[in-house]
Amino acid sequence: MHLPPDFNSWSCPLPLRSYPSIVMGHGGGGKLSAELVEHLFVPAFRSTALDLLGDAAVLAQPEGRLAFSTDSFVVRPLFFPGGNIGTLAVNGTVNDLAMMGAQPRYLTAALILEEGLPIAQLGVIVEAMANAARAAGVQIVAGDTKVVDKGHGDGIYINTSGIGVIPAGVEITPTQARPGDVVIVSGELGLHGIAILSVREGLEFGSPIASDCAPLHGLVAAMLTASPALHVLRDATRGGLAAVLNEIARSSQTGIVYAERKLPVPPAVAAACDLLGMDPVHIANEGKLVAIVAPEAADAVLAAMQRHPLGREAAIIGQVVAEHPGIVVARTGIGGTRIVDMQVGEQLPRIC
Amino acid sequence: MKYLDEFRNPAIAQQLFAEIHAQTTRPWAIMEVCGGQTHSILRNGIDQLLPPSIELIHGPGCPVCVTPLEILDKALAIAAQPGVLFCSFGDMLRVPGSTKDLFRVKSEGADVRIVYSPLDAVRLAQSHPTREVVFFGIGFETTAPANAMAVFQARQLGLRNFSMLVSHVLVPPAISAILESPQTRVQAFLAAGHVCSVMGVQAYEPLVARYQVPIVVTGFEPLDVLEGIRRTVRQLEQGEARLENAYARAVQREGNRPAQQMLADVFTVTDRSWRGIGVVPQSGWRLSDRYREFDAEVRFAVQEIQTQESPLCRSGEVLQGLLKPPQCPAFGRECTPRTPLGATMVSNEGACAAYYQYGRFRAANAAANAL
Amino acid sequence: MCLGIPGQVKSIYEVDGIRMGKADFAGIEKEVCLAYVPEIQVGDYTIIHVGFAITQLDEASAQESLRLFSAMGMLDEELGHPAQP
C-alpha cells in the first residue's frame, strides 16, 4: 500500500517523447503547453467543465451557502511514504472546506513546474491528484501551468482552490468554543510530519509509518449526523495539535486543558520525537481533525467518529475551560502542568 | 521505548515527590546545570509539584544560551560568504547575534543547512567538493566527541573543503565560576548526566571538597531528575556534601576512555567567553594545533569582529542565578520570545522564555479569578 | 544540553574506516557511530547523542534503579507516608 512511487511503469502519453523532462516551453502557451494539457491534465482530471477547455469553468449554482478556500503546497521531498504533493494538494483544500462543515464540490489546480522536473514524476503526481479527487468526490474544473527556470523552484508547487456547499443548519466557526465543551481528536497524531522527517533524517521504520493524508469531509458528515452541536472543527496540519488548540483558545477567548496520556500518539512517532527532540503535539498531520463539541453531544459524536474508518482511534483528550483564556495547558504524564504554546517558527531537530 | 518509558512512570514519580516533600524542612536553592534537565523539568511540570521551599535555578548548561556573541557573529559572517555551505544543529538557527540570526542570513541567500550529526557535514563536504563546508561545532563535553570525530575523519579522508567553527564549553569550570561568585545562592548541583557519560565524575570531586556543596550526577527522564533532587535534598538536610551518581546506568566513574583520547588529540583547553557571563579561564576547547588547518576562524578572515550585545540584556546574571527573569527591566517589554534580546529568551527552556510562559499563565489565571 | 536516547545495537559495520552501526529506537532504525564503544555487541543498549553512541547502557544498573524505586514505594506504605505530595 505504501510502496515507493514507480516512475518506470508510468508511460508518457505525450507525443513529444524527446522531452523526458519539463522544459521552459511547457509553460510558454504554445504547442508544448497544449500537449501537456490535452494529453496529461484533461484525461487525468476528466470533468465536463475541464473538457470544454474554456478560459473559466462554468458551473451550475448550488443551493445554500458556499465555503471557498485556497491553499498552496510546497513540500520536500515531493514523494513520501503514504502519498505525494498531489495527494496533499487535493486533500488539503478538501479538508479546509470540510472544517466548515461543507461538502466539497469543485477544485481548481495551478501547478508551478521547475524546468527539469521529469515528466514521469509529473505524471505520477497528476495521477495522484486525480485519484484523490475521485476518492473525495470532487471535480477538478479548472487549472493552470507555469514553468520557472531550473533552480527557481523545488520541482513543483501546487495551488488548489475549492468550493463546497454547507448544508442548511450547519454553523461551525472557530470562535464558538465554550467552557465545558469537550476536545476530541480524530486519531493518531504526528504521522504526516514524521513520515516526511523520516525521509529527511534517514530514519528507517521497522513497521511502516506513512503520512495520514486523507479527505475528512466524510468523517465530518458522519459527525454532523450524530449531532449538529459541533462548535469548532479544525484540521491539525502545520504546527500540529498545539497550533490548532492555541488558535481555538485565542479566537474564542477560552482556555483549553488536555491530558498528555490521552493523546493517541503511535509508538513510532513518540520514538522519532524523542530521538529528534521534538514534541508530537507540534508535528503536522494531514488527515486529523480536532473537534470542540458540546459536552452533552460528546459521546454520540465520539461513537460516530469511531465507526468511521478515518476516526477509529478518535479520543477525548481534554476540555474547554473559562480559566486562562487564550492559553492551552497540558497535564503531563507525571501529573504536572505545562503551557503548550505554538512554535515560533518551524520545529527543528535539537541536540539539547 | 525500553529504558525510557520505565523512567517516566507516574506512580513512581508520585512516590519520589512524596519522599522529597517528606525530607524537606528548609528552603534550598539547587541548580540543574544542564539545559536538557531544565527542559525535562518544564516539559513535565516537575517544578510545580516540588515543595515550594525548593528553588530550582536553571544553570548555564545550554549551548544555545552561552555561545558567545563574538562566535555567533563569526558564524553569521562565515555563512554569508559566497561558496560557503554552513552546517549547524537546529538549536542555533534562531539565536540572535549582534544584528541578525542564521535564519535571516539564510533568507539573504546564504546556504545554511541543519544537520543531525556532525558526520552529516563531513558527507556534505565529500559530496560538494567545490564548496567550503563549515560546521558550527558548539556544545558541551557530550557533543565534543562527535565533533572531534568529524574533524578527525575529514583529515583521514583528506578533505580540504571542510572546517569547523569551534565554540566548545566545559561544565566543571562553569560550576567553579558560579561557586566563586560572592553573591552565589546555589547550595547544590544536579550535574549533567551525559557530560559525565563522556568525561567521568572525577572532575567534580575537588569541587565538592573545596566548596562543600553536594553534587549529584543526574539523568534526564522525570524519575532521574526526581531521584537527583531527592538525593540532593537528603544531603542538604543532613548537612552533607558528597558526590553521588544517580544516573549509574549511563555514567561510569572513569567516563568513556576512547572518547576522551579522541578529545585529547583533536582539542586543547582554552579560555572561553560565555555569553552574558564573560571569560571563564580554561573553560572551553579549541582545535589543537595538529588540526589547525580545519579551524574555520583561521580559514576565513573573521578575527576582527565587532560585537554589540544589547545593553538592556542581563541574561548573564540570570544564568548565574543572581537575577530572576521578571526582575530584569527589559523582561516582557523589549524582550519577549518573539523579539529576544538575549539567548535565555530564545530557546523554550531558556530561563527567561520559561518564566515568560508561566507568567502569562499566572496572569491569565489571576484575570480569570478576578472576574 | 545533550539530548541522549537509549537504543539497541542491531548491526555493526565500517564506513570509511569508522565503526558504525544501526540502532533501534522502539521500531525506528537509525545509523549511528559506534567508534567510542569498541566493546559493544549487537543486542547491547547504548545512549545516542547527535548520532554517536556516547556510552554503553548498563542494563543491570538500570534494573537495580527501577527495583530501588519500587522498593522505596513499598517502604513508604509501611511507614504510612502519603502517596500524594
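What you see is a predicted model; the values in this text were computed from it and never measured. Lettering follows sequence order; numbering is per chain, from 1.
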Could you check which of [options] has the highest count of heavy-atom pairs closer than 4.5 Å to chain C?
options                                : result
B:Gln261, B:Gln260, B:Arg230, B:Glu221 : B:Arg230
B:Ser197, B:Ala259, B:Ala146           : B:Ala146
B:Leu119, B:Ile20, B:Val198            : B:Leu119
B:Gly193, B:Ala248, B:Pro51            : B:Ala248

Give the intermediate values and the outcome of side chain to side chain contact (heavy atoms under 4.5 Å, CB included) for residues C:Gln8 and B:Tyr3.
CA-CA 10 Å; C:Gln8 188 179 30; B:Tyr3 298 121; over 6 Å; no
* So do the side chains of B:Gln126 and C:Asp16 get within less than 4.5 Å of each other, counting heavy atoms only? -> yes
| task | Compare all side-chain heavy atoms of B:Tyr116 with those of C:Val50 and state whether any distance is below 4.5 angstrom. | result | no
Taking every non-hydrogen atom, the tightest pair across [X] and [Y]:
X        : Y        : result
B:Gln15  : C:Phe69  : OE1-O, 3.4 Å
C:His49  : B:Thr143 : NE2-OG1, 2.8 Å
B:Arg249 : C:Ala62  : CD-CB, 3.6 Å
B:Arg123 : C:Glu31  : NH2-OE1, 3.4 Å

Review point. Between B:Ser117 and C:Gly51, is there a donor-acceptor pair closer than 3.5 Å when you use the side chain of the first and the backbone of the second?
Key: no
Check whether [X] gets within reach of chain B through its side chain, its backbone, both or neither, counting any heavy atom under 4.5 Å.
X       : result
C:Glu64 : neither
C:Ile18 : side chain
C:Ile54 : both
C:Pro38 : side chain

How long is the gap from [atom1] on [X] to [atom2] on [Y], to the nearest 0.5 Å?
X        : Y       : atom1 : atom2 : value
B:Ile12  : C:Ser65 : CD1   : OG    : 10.5 Å
B:Glu227 : C:Leu68 : CD    : CG    : 8.0 Å
C:Leu3   : B:Phe89 : CG    : CZ    : 11.0 Å

Applying a strict 4.5 Å limit to non-hydrogen atoms, the region of B:Tyr247 in contact with chain C is side chain
If one checks every heavy atom of B:Leu50 against chain C at 4.5 Å, the contacting part turns out to be neither
Can B:Arg257 and C:Glu39 be counted as an ion pair, charged N to O under 4.0 angstrom? no
Among residues 4-11 of chain B, those lying within the under-4.5 Å heavy-atom range of chain C are B:Leu4, B:Glu6, B:Phe7
(request) Take B:Met262 and C:Tyr36 through the side chain to side chain contact (heavy atoms under 4.5 Å, CB included) test and state the conclusion after the steps. (result) CA-CA 9 Å; B:Met262 178 66 85; C:Tyr36 296 127; 3.1 Å; yes
